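A short write-up of the structure that comes next.
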Amino acid sequence: MGGGRFLEQHLAPGKCLMKFLQEKIKKRILALLKNDYEIADTDLVFSLPAERKFGDLSTNLAFILAKKTKNKPFLLAKAMAEKLHNQLPEIESIQVAGGGFVNFYLRREPFLLYQWQTRDRTLPSRSEKVIVEHTSINPNKAAHIGHLRNSCLGDILARCCRFLGYEVEVQNYIDDTGIQIADVVWGLLYYQKKNLAAIKKISGLAAYLWDLYAEVNQAFAVNEKFAAERRDVHKKIEEKSNPEYQACRYIAEQVLLDHIRTMARLDIQYDLLARESDVIAMDFFKAAADELTARQVMVPSQDPEKKGCLVIHYERENIEKIIVRSNGTITYVGKDIAYNLWKFGLLPRDFSYRLFFTYPDSHDIHMTAADPGSTVPPFGRADKVYNVIDVRQSYLQSLIAQVLQQLGHPGPSRNFIHFSYEMVAMTPACVREMGLPLAVEEENKSYVEVSGRKGRAVKADDLIDQLIAKSGHELESRNSGLSAAEAEPIARAIAVAALRYFMVKFNLNTVIAFDFKEALNFEGDSGPYLQYTMVRLNSILKKAGTVGLETEKEPGSPSLLDDKEKELYWEMILNLSLLEIQVEYALANHELSSLATYTYSLCQKFNHYYHQFPVLAEKNPAIKNLRLTLILLFKNKVKKLFKIIGIIIPERM
RNA sequence: GCGCCUGUAGCUCAACGGAUAGAGCGUUGGCCUCCGGAGCCAAAGGCUAUGGGUUCGAAUCCCGUCAGGCGCGCCA
């Protein structure tokens with residue numbers, strides 16, 4: 001059989017089988033062909049052919065060499081295949097097709113056995129630390145669907161990094177000093193004439209402020225006196241003058257707690273809340289400014305209109321960005337430059353920290369502080385920084401990367417990653433459906449922007465509530481005799497899966513035109529479809545009584561299967577083996593949607609398979625065992641994908 | 001005006017420069033004597049906006065045109 005030898009050669013700890021195999025074959029091919037051809041290492045790339053008749057691994061090497069040597073690709077491919085014949089113990093056969101592709105057919109039996117035996121391995125941890133900043137919602141109103149895309153992407157990104165072995169720290173930046181929060185402080189104190197005690201009586205403050213924020217913005221637009229008062233409130237907050245300052249602190253913290261609770265409903269957690277007020281209080285910018293000035297990155301503006309301002313020249317668009325205003329205050333970008341320098345450990349100072357919140361699973365969130373605090377795990381000092389921020393801030397983010405470079409930090413500049421994604425908009429139909437106003441010129445657009453100022457968006461909690469309600473109804477109609485206590489966690493799990501999958505399945509540069517019908521879809525390309533696949537799979541395993549099977553039995557030989565099943569079986573095994581490669585690809589290409597697509601295609605293949613080949617009814621014990629082990633292997637791999645996407649598997653549904 | 005992004009089935013979206021451009025929804029027809037129908041099978045539906053170019057090979061890369069979106073503030 002040769003299975004033993006095969007395993008002996010491949011048992012390298014912590015490596016994914018497919019990746020290891022590709023590297024090994026690659027090395028061998030290069031060694032065998034290097035004398036005859038001029039091959040760069042990067043010329044040799046494997047891909048999975050679309051159809052299995054073209055093999056399990058394929059390379060277009062012959063086409064590349066043909067270009068270099070002005071030979072015919074087909075002849076080169078033939079020669080290569082000849083040379084490699086019988087030289088690769090893992091390969092059953094090599095074929096040339098499609099005018100020059102060299103296609104490799106794996107020896108299936110040992111491949112299957114090895115994959116089975118190594119299925120519980122995890123990837124080794126890496127020494128690099130990654131910071132993912134996401135969510136970062138202004139603490140002046142409830143979170144909406146736009147924020148949900150940010151948080152879901154950020155959370156899945158963090159989970160990808162963890163899966164691949166990185167140390168991950170999730171930060172959420174809190175702008176607790178901006179004009180937006182002054183808007184609602186004015187609204188509560190001046191417009192509604194509430195005192196702090198009255199404000200503290202409001203339950204669900206974030207949702208309450210959602211309406212108030214829209215209302216006061218209308219008021220500012222029509223009444224200059226109100227707008228002037230609001231500017232005054234902002235000034236008072238900056239001067240820490242009460243009652244405005246106290247109200248601001250209270251509101252920021254309460255709304256932040258509401259955001260944390262909203263995101264916790266979706267299993268999204270944070271490690272550190274970095275407050276803008278602490279960036280200011282700790283004088284982070286001053287430390288950065290010394291360096292910026294010394295290197296002449298930040299200079300006094302020559303533009304008469306920007307007299308007295310310190311600016312940075314943004315090279316790509318040849319414009320200058322104000323960093324310090326003529327009145328000496330620092331702009332958002334200035335603070336962000338300092339904050340991001342700190343993330344890389346490039347500022348000669350640090351925050352203090354305090355414990356802010358503990359999740360039911362006992363995970364802690366810390367918050368930055370300006371006064372000397374307790375000792376906590378060291379935050380910051382990242383090797384790589386992902387900032388999950390929508391595409392509209394591209395220019396500011398790329399300005400920060402430019403500044404890192406100019407300050408003599410090429411490494412961090414390279415590892416400063418704006419994880420950019422397109423906005424969530426709404427279809428005009430959806431806006432109308434919600435009874436929200438729509439301008440005449442917006443009627444015929446395919447989508448319109450969401451806006452907190454206009455109160456035009458679906459609140460995150462409302463959407464989650466709707467998803468849970470729908471899940472509950474579906475559950476009720478499918479499961480008689482399910483108690484409310486049993487149904488509740490299942491409904492939540494389904495809602496979370498639907499929402500998280502919906503938010504990750506689109507490419508990052510695709511605008512999501514939000515529509516309830518699509519977001520509430522539980523069929524086809526959706527989170528609940530994935531769950532349903534797994535729930536039924538578990539049901540089969542339960543009935544099969546597989547206790548003990550996992551550790552004892554090996555799959556056996558797929559050659560027992562008839563031709564049709566054999567091909568489908570192998571198709572599953574081969575695709576499952578790509579897990580680690582798929583996650584690496586998603587991260588490297590910033591395309592988390594590819595994970596959704598991959599997971600969905602695995603589930604489709606599985607459904608297709610088991611509808612044709614029943615497990616429990618199978619009389620032949622060897623065949624039954626093959627099918628059962630396939631199910632177990634599928635479960636093992638897909639559970640890992642579910643964990644990354646954030647999908648919980650319900651008991652039933 | 002300058003910068004970035006997008007145009008693929010009726011609709012919403014996929015597709016490392018690769019082999020016959022794929023899914024879901026919708027439409028039409030079939031499958032519960034079943035391992036749970038949130039499922040499965042099948043059909044119809046495409047000059048990948050458009051005109052050139054590069055390449056053995058282009059939805060994908062380059063140039064032009066048309067259409068749309070976003071950004072460019074002493075806001076954050």
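Hydrogens, waters and symmetry mates play no part in the numbers below; they use all other heavy atoms, side chains included. Computed from a predicted structure; not experimentally measured. Chain naming here is simple, since letters A, B, ... match the order of the sequence lines and numbering starts at 1 in each.
Using a 4.0 Å heavy-atom distance criterion, A:Glu474 is classed as a base contact. Note on A:Val511: only backbone sugar-phosphate atoms sit closer than 4.0 angstrom, heavy atoms only; bases stay farther off. A:Val535 comes within 4.0 angstrom of a base, heavy atoms only. A:Pro73 comes within 4.0 angstrom of no nucleic acid atom, judged by non-hydrogen atoms across all strands. Heavy atoms of A:Ile319 sit under 4.0 angstrom from primed sugar atoms or phosphate atoms, though from no base atom. At a threshold of 4.0 angstrom between heavy atoms, the contacts of A:Phe74 with the nucleic acid are absent. Residue contacts for A:Ile179: at a heavy-atom cut-off of 4.0 Å it reaches the sugar-phosphate backbone alone, with no base atom in range. No contact: A:Gln612 has no heavy atom under 4.0 Å from any strand. A:Glu523 comes within contact range of the sugar-phosphate backbone alone, with a heavy-atom separation under 4.0 Å but no base atom that close. Across all strands shown, A:Lys307 has heavy atoms under 4.0 Å from base atoms, whether or not it also approaches the sugar-phosphate. A:Glu276 comes within contact range of the sugar-phosphate backbone alone, with a heavy-atom separation under 4.0 Å but no base atom that close. Using a 4.0 Å heavy-atom distance criterion, A:Tyr598 is classed as making no nucleic acid contact. No contact: A:Asp183 has no heavy atom under 4.0 Å from any strand. The residue A:Ile494 sits close to a base: some heavy atom pair falls under 4.0 Å.
You won't find any donor-acceptor pair under 3.5 Å spanning the side chain of A:Asn607 and the base of B:G39, going by distance alone. Not a single donor-acceptor contact under 3.5 angstrom links the side-chain atoms of A:Asn140 to the base of B:A76. For B:C13, its base never sits under 3.5 Å from the side chain of A:Thr510 at any donor and acceptor pair. A donor-acceptor contact under 3.5 Å links the side chain of A:Lys53 to the base of B:U20. Remark: the A:Ser58 side chain and the B:A19 base include a donor-acceptor N/O pair separated by less than 3.5 Å.
Between the CG atom of A:Leu463 and the CG atom of A:Leu499 there is a distance of 5.5 Å, given to the nearest 0.5 Å.
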side-chain contact (heavy atoms from CB on, under 4.5 Å) evaluation trace for A:Tyr598 with A:Leu602 = CA-CA 6 Å; A:Tyr598 174 58; A:Leu602 286 177; 3.6 Å; yes
task = Could you please spell out the steps behind the salt bridge (charged side-chain N to carboxylate O under 4.0 Å, His left out) verdict for A:Lys236 and A:Glu229?
result = CA-CA 10 Å; A:Lys236 283 182 171 165; A:Glu229 279 180 10; over 6 Å; no
task = For the pair A:Ile323 and A:Phe285, evaluate side-chain contact (heavy atoms from CB on, under 4.5 Å) and give the outcome as yes or no after the intermediate values.
result = CA-CA 10 Å; A:Ile323 305 298; A:Phe285 182 73; 3.5 Å; yes
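Under the 30°/60° scheme for interplanar angles, the aromatic rings of A:Phe606 and A:Tyr610 are found to lie parallel. In this pair, A:Trp186 and A:Phe226 present their aromatic rings tilted. The plane angle is within the 30 to 60° band.
Here the P atom of nucleotide B:G36 and the NZ atom of A:Lys543 are 4 Å apart, to the nearest Å. Rounded to an integer number of Å, the gap from A:Asp175 CG to B:C75 P is 13 Å.
Listed candidates were B:U12, B:A14, B:C75. Nearest to the side chain of A:Thr597 is B:A14. Each of B:A76, B:G57, B:A19 was ranked by its minimum atom distance to the side chain of A:Phe54; first place goes to B:A19.
A:Phe63 qualifies as a stacking partner of the B:C56 base, centre to centre under 5.5 Å and near-parallel within 30°. Residue ring and base: A:Tyr532 does not count as stacked with B:G39 (centre distance below 5.5 Å and interplanar angle below 30° not both satisfied).
Contact annotation: A:Arg392 does not reach the phosphate of B:G69 (side-chain N/O to OP1 or OP2, under 4.0 Å). A close approach under 4.0 Å does not occur between any side-chain nitrogen or oxygen of A:His611 and OP1 or OP2 of B:C41. Under 4.0 angstrom from either OP1 or OP2 of B:C5 there lies no side-chain N or O belonging to A:Asn507. One finds a side-chain N or O of A:Tyr529 lying less than 4.0 angstrom from the OP1 or OP2 phosphate oxygen of B:C40. Side-chain nitrogen and oxygen atoms of A:Asn509 include at least one within less than 4.0 Å of the OP1 or OP2 phosphate oxygen of B:U6. The shortest distance between the side-chain N/O atoms of A:Ser539 and the OP1/OP2 oxygens of B:G36 is below 4.0 Å. Using a 4.0 Å cut-off, some side-chain N or O of A:Tyr585 falls inside it from OP1 or OP2 of B:C16. Phosphate contact (OP1/OP2 of B:G69, side-chain N/O of A:Lys445, threshold under 4.0 Å): present. In this model, the phosphate group of B:G24 is approached by a side-chain N or O of A:Gln604 to a distance below 4.0 Å at OP1 or OP2. At the phosphate of B:A76, OP1 or OP2 sits under 4.0 Å from a side-chain N or O atom of A:Arg325. The phosphate of B:G26 has neither OP1 nor OP2 within less than 4.0 Å of any side-chain N or O from A:Lys517.
A gap of 37 Å separates the C1' atoms of B:C2 and B:A9, to the nearest Å. For the P atoms, the distance from B:A59 to B:C47 is 13 Å, rounded to whole Å. With C1' as the reference atom, B:A21 and B:G45 are 14 Å apart, rounded to whole Å. As rounded to the nearest Å, B:G69 and B:A49 have C1' atoms that lie 16 Å from one another. For B:U20 and B:G57, the C1' atoms lie 15 Å apart once the distance is rounded to whole Å. Separating the P atom of B:C11 from that of B:U48 is a span of 16 Å, rounded to the nearest Å. Spacing of P atoms, B:A76 relative to B:U8, comes out at 38 Å, to the nearest Å. Distance check on atom P: B:U60 versus B:U50 gives 11 Å, rounded to whole Å.
Judged by a 6.0 Å distance limit and a 45° cone about the ring axis, A:Lys141 is positioned over the six-membered ring of A:Tyr213. At least one cation-pi condition fails for A:Lys335 and A:Phe284: the charged atom is not both under 6.0 angstrom from the six-membered ring centre and inside a 45 degree cone around its axis.
Taking the six-membered ring for Trp, A:Tyr339 and A:Tyr173 have ring centres closer than 6.0 Å.
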